[in-house]
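Report on the structure given below.
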Amino acid sequence: MNQLQLFQFPYLSDNYGFLLHDEETGETAAIDCGDAESYLQALDSTSWKLTEIWITHHHWDHTQGLEEVKAKTGCKVRGPEEKAKAIAGLDEKFWDGDKFTFAGREVQVISTPGHTTDMINFYLPSEGKLFSGDTLFTLGCGRLFEGTPQMMWEGLQKLMALPVETLVYGSHEYTLANAKFALSVDKENEMLHARSVEFIEMREKGEATVPTTLELELATNPFLRAGDGSIRKALNLQDASDAAVFAEIRKRKDNF
Ligand code: ZN
Ligand code: FE
């Protein structure tokens, strides 16, 4: 089977939108839809005809353009089961462990409540791609607006169990700020230092730091490294649970 084509584009101040397209069937999926104009422009520039939208969570910067784009394209909208807040325009609702088919490929839904209680991720095993919404970012993770650190840590562990070569497409370009913070809790991590330098150069050239790989994140993203000895030592939390170490890292980032 051929690889799906991917078109990635920035929108609003720091969001990324993604279009997935299958040449054979002509099917096209958009991940989130936080700005109708940007998504319609992306569709125009690719000449792909939108057949579906996959919503990760209810926040406005992921849903604001949904109804307009749905009306203009007649596409189907898939999204999370309702938790804190309803999302207008959903046709099909999904939660942890659910699967659906896109262009003959399996899409697995992984729920990771924390940033919001309705957060879902879309994983395509055949493509080795994970669309992680506002859960997992390059060198970071989403702020906990609705869930607890324990919930978020449990969710992140589900993502950490995916194949290490998985490409992770987070929804925001927050990497430089994330890198600064990561270095504050993981000072001796040489790979993290190297990535930070690389990311500064990439951003100077206007390049996206998304996607990343799970393997690189496991080695450098402090939010996935609650079990790491040197981070635990730096936080003076040698005997705490991983969830408690994660909670402390998240709290420090909120106050950074
Ligand atoms: Zn969000
Ligand atoms: Fe967001």
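Counting starts at 1 for both ligands and their atoms, in listed order.
For the ring-ring contact (aromatic ring centres under 6.0 Å, His included) condition, the pairs that include at least one residue of residues 148-170, sequence neighbours left out, are Phe18-Tyr169, Phe131-Tyr169, Trp153-Phe246.
Between Phe7 and Phe9, the ring-plane angle classifies as parallel under the 30° and 60° cut-offs. In this structure, His62 and His57 have tilted ring planes: the angle between them lies in the 30° to 60° band.
For Glu92, the CD atom counts as densely surrounded, since its 6.0 Å shell holds more than 12 non-hydrogen atoms of other residues, nucleotides or ligands. No more than 12 heavy-atom neighbours from other residues, nucleotides or ligands sit within 6.0 angstrom of CD on Glu37.
For the Zn ion (ligand 1), the set of protein N/O/S atoms nearer than 2.8 Å consists of His57 NE2, His59 ND1, His115 NE2, Asp134 OD2, ordered by chain and number.
Between Glu173 and Asn15 there is no side-chain heavy-atom pair separated by less than 4.5 Å. Looking only at side-chain heavy atoms (C-beta outward), Phe122 and Phe100 come within less than 4.5 Å of each other. In this structure the side chain of Ser230 reaches within 4.5 angstrom of the side chain of Asp186, judged on heavy atoms.
Taking a 4.5 Å side-chain heavy-atom cut-off between Ile, Leu, Val, Met, Phe, Trp and Tyr, the cluster of Met119 contains only that residue.
If you count the protein N, O or S atoms nearer to the Fe ion (ligand 2) than 2.8 Å, you get 4.
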